[in-house]
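All remarks here apply to the structure that follows.
We count residues from 1, following the sequence as given. Values in this document were obtained by computation on a predicted structure and should not be read as measured data. Just the heavy atoms: all of them, side chains too, but no hydrogens, waters or symmetry mates, feed the values below.
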Amino acid sequence: YPARLIVTTERGSSATAIAPITITRRPILAAGIAEPAKSNSIVVVAPGDPLDGASVDVPPSAISTRTVVTIGSLPDVLDVPLLTLVNGAELGPDGIMFSAPVHVSMPSLISLPPGSTPGAAFFDETLGEWRRDGISDAVYLSSGVPTIEFNATHFTFHGLTATWPVTQLGTLGGVGSEATGINDNGEVCGFSLIFVSANYRHAFRWNAVDGQIDIGIGDGNALRSYGLDINADGDVVGYIEFDDLTKEAFFYDTSADDMTLLGTLGGDESRAWGVNDSGVVVGDSTLANGSRRAFMWDSTNGMQDLGLLLLGDDASAQDINNSGTIVGSSQNLAGNYDVCRWTGVGTAQSLGSLGGDDAEATGINSTGRITGYSETSSGEVHAFFFRPGPGMEDIGTLGGTTSIGRAINNSNEIVGQSTTASGEFHAFLWHKVTGQDYLDDLNEAIDPGLGLTLTDAWDMNADGSIVGKETLEAVLIERP
């Protein structure tokens with residue numbers, strides 16, 4: 001703000017001057033007057049403070065009037081739901097727009113791998129969210145004091161962020177792959193095209209040392225295999241597919257390098273969707289009459305029909321936790337599908353829907369929290385979070401009409417896929433921060449310079465590492 005200073009002497013004469021002043025929300029650590037047409041630098045000298053050494057360089061063309069530039073600490077009350085905040089500052093004057101970008105340098109409170117691409121963001125108080133408009137050329141300097149530098153076109157609260165590393169997991173020779181499961185050891189499963197010119201997919205397991213390992217098709221007559229879940233031992237479940245598109249569930253024992261086909265409940269196909277750390281497999285299979293049933297399988301009892309909701313005639317089991325609780329869907333009396341939970345054979349229990357006709361659970365964590373998707377009363381399909389007591393909660397979309405919750409970890413974080421307002425499919429992460437729910441586009445957490453669009457997130461482990469796919473290829477997304 002311009003302040004008019006009037007100095008009056010004892011004899012009654014006075015002098016007037018105009019000086020710029022800045023009002024800040026937090027204590028000022030450094031301040032200086034930037035002069036037009038000159039190079040200006042403001043540096044924090046505050047040993048022991050997280051912002052010691054932070055600086056703002058204002059080029060000659062950035063301002064047209066004398067401006068007080070300040071550097072202050074970041075308020076503690078700002079939520080940073082998806083971004084990983086590694087330092088921050090209040091840069092003033094708040095709301096100023098520079099004619100040319102100014103250069104900002106701040107220490108990073110965590111060390112990132114050399115060569116990491118960091119991020120910087122500013123907090124838009126009007127919208128109440130972190131944004132990157134006007135931020136450019138962020139770099140991480142690992143030598144000496146770890147530092148992140150960036151250019152900015154306007155000032156407010158700024159935060160340094162560590163972008164989430166993305167590893168593209170490659171293919172088995174074709175031009176597409178998808179990652180569908182990850183365990184707490186960081187081992188991944190999925191499926192990949194194996195030829196450039198033919199639609200043949202094979203299930204794979206992946207680790208950081210060996211990369212993708214083809215686990216085959218298990219039957220010489222099959223053409224394709226799909227890996228859909230992986231347990232703590234690295235065992236993979238899914239299904240193989242024949243030329244006539246019929247399917248058979250499999251359990252792949254990693255230690256023995258052996259694929260066991262699980263058969264059916266009397267029909268011509270089965271699919272395995274989930275496995276727990278005890279090797280219990282869940283999925284669905286047809287009966288001899290063609291109707292579908294949810295099953296559980298183990299090496300002692302083989303495949304068992306889990307049963308149905310009253311007067312239903314179709315069911316599928318999608319996931320199982322280490323306590324043996326199973327979730328999926330089952331047809332109800334009206335012929336629609338409810339979220340269903342089983343604790344053993346013949347224990348089907350309806351958990352309802354979000355008000356629409358059909359719903360299905362796709363993931364359950366160790367405390368019995370569940371995710372999946374459901375039609376709403378308006379006919380849209382939305383992801384949900386279910387917990388005992390409050391029941392089923394609609395977690396919304398990324399601006400579109402459809403979202404699917406695919407997995408939930410023990411921190412009650414959910415990953416999945418949603419449409420955006422423009423109709424694109426994007427991967428999402430839903431979580432709570434200081435009691436507030438956030439549904440975040442995972443594309444906001446990665447380095448935009450990679451040129452990738454994360455289209456789906458299938459699974460997440462205890463560390464928060466996520467697997468899914470970008471437009472064509474399987475990816476692993478890790479928290480920094």
Side-chain angles (χ1 to χ4, degrees), residues 80-88 106-121 130 132 135-143 145-150 159-171 176-190 192 204-213 230 406-407 409 411 413-417 426-431 433 438 440-480:
V80 189
L82 180 62
L83 305 172
T84 301
L85 190 68
V86 299
N87 206 347
M106 283 194 267
S108 174
L109 298 183
I110 64 172
S111 295
L112 305 176
S116 293
T117 302
W130 289 88
R132 292 195 174 101
I135 303 291
S136 63
D137 301 320
V139 295
Y140 175 69
L141 305 177
S142 58
S143 60
V145 177
T147 301
I148 294 176
E149 298 184 354
F150 62 94
L160 303 182
T161 62
T163 55
W164 295 20
V166 178
T167 302
Q168 293 177 266
L169 302 186
T171 74
S177 60
E178 192 151 353
T180 55
I182 182 170
N183 63 21
D184 289 346
N185 299 316
E187 298 171 307
V188 178
C189 73
S192 169
F204 69 78
R205 59 185 181 89
W206 177 96
N207 61 60
V209 175
D210 302 312
Q212 277 194 27
I213 302 167
I230 187 169
R406 297 203 186 277
N409 68 7
S411 298
E413 297 174 317
I414 295 171
V415 293
Q417 182 186 65
H426 281 194
F428 75 75
L429 169 67
W430 179 88
H431 54 159
V433 178
Y438 291 94
D440 292 310
D441 189 330
L442 280 169
N443 289 282
E444 295 297 321
I446 68 171
D447 174 14
L450 295 173
L452 301 177
T453 299
L454 305 179
T455 59
D456 207 346
W458 274 90
D459 200 11
M460 174 174 45
N461 66 12
D463 293 334
S465 296
I466 298 166
V467 292
K469 68 174 294 189
E470 47 94 16
T471 306
L472 287 175
E473 193 171 308
V475 291
L476 167 64
I477 310 151
E478 300 173 273
R479 284 189 168 109

Counterpart residues, salt bridge (Lys or Arg N to Asp or Glu O under 4.0 Å), relative to [X] (two or more places apart):
| X | answer |
| --- | --- |
| Glu413 | Arg479 |
| Asp456 | Arg406 |
| Glu473 | none |

Could you go through the side chain to side chain contact (heavy atoms under 4.5 Å, CB included) check for Val467 and Leu476 one step at a time? CA-CA 5 Å; Val467 292; Leu476 167 64; 3.9 Å; yes

Closest heavy-atom pair and its distance - [X], [Y]:
| X | Y | value |
| --- | --- | --- |
| Val415 | Trp458 | CG2-C, 4.2 Å |
| Pro118 | Ile148 | CB-CD1, 3.6 Å |
| Phe204 | Gln212 | CD2-OE1, 3.5 Å |
| Trp164 | Ile466 | CZ3-CD1, 4.2 Å |
| Gly159 | Leu85 | CA-CD1, 3.6 Å |
| Gly181 | Asp459 | CA-OD2, 3.4 Å |

[atom1]-[atom2] distance between [X] and [Y], expressed to the nearest 0.5 angstrom:
| X | Y | atom1 | atom2 | answer |
| --- | --- | --- | --- | --- |
| Asp440 | Trp430 | CG | CH2 | 11.5 Å |
| Ile446 | Glu444 | CD1 | CD | 9.5 Å |
| Phe150 | Thr161 | CZ | OG1 | 9.5 Å |
| Ile477 | Leu454 | CD1 | CG | 4.5 Å |
| Ile213 | Arg205 | CD1 | CZ | 3.5 Å |

Any side-chain to backbone donor/acceptor pair from [X] onto [Y]? Under 3.5 Å, distance only.
| X | Y | value |
| --- | --- | --- |
| Arg132 | Gly119 | no |
| Asp184 | Ala462 | yes |
| Asp447 | Gly449 | yes |
| Thr167 | Leu169 | no |
| Thr171 | Ser177 | no |
| Ser411 | Asn409 | no |

Less than 4.5 Å apart, side chain to side chain, heavy atoms only: is that true for [X] and [Y]?
| X | Y | answer |
| --- | --- | --- |
| Leu452 | Gln168 | yes |
| Leu112 | Pro146 | no |
| Val188 | Ile182 | yes |

Kindly determine whether Thr453 and Asn443 satisfy side chain to side chain contact (heavy atoms under 4.5 Å, CB included), including the steps that lead there. CA-CA 6 Å; Thr453 299; Asn443 289 282; 4.1 Å; yes

Give the intermediate values and the outcome of side-chain hydrogen bond (donor to acceptor under 3.5 Å, both in side chains) for residues Asp463 and Asn461. CA-CA 6 Å; Asp463 293 334; Asn461 66 12; 4.7 Å; no

With side chain to side chain contact (heavy atoms under 4.5 Å, CB included) as the criterion, how do Tyr438 and Leu429 come out once you've worked through the C-alpha distance, each side chain's angles and the decisive distance to 0.1 Å? CA-CA 8 Å; Tyr438 291 94; Leu429 169 67; over 6 Å; no

Those residues at least two apart in sequence (or on a different chain) that pass side chain to side chain contact (heavy atoms under 4.5 Å, CB included) with Ser136 are Asn151

Considering residues at least two apart in sequence or located in another chain, which fulfil the side chain to side chain contact (heavy atoms under 4.5 Å, CB included) criterion with Pro165? Pro480

Glu470 vs Val166, test: side chain to side chain contact (heavy atoms under 4.5 Å, CB included). Steps then yes/no. CA-CA 10 Å; Glu470 47 94 16; Val166 178; over 6 Å; no

Please name all residues satisfying side-chain hydrogen bond (donor to acceptor under 3.5 Å, both in side chains) with Asn87, sequence neighbours left out, ordered by chain then number. none

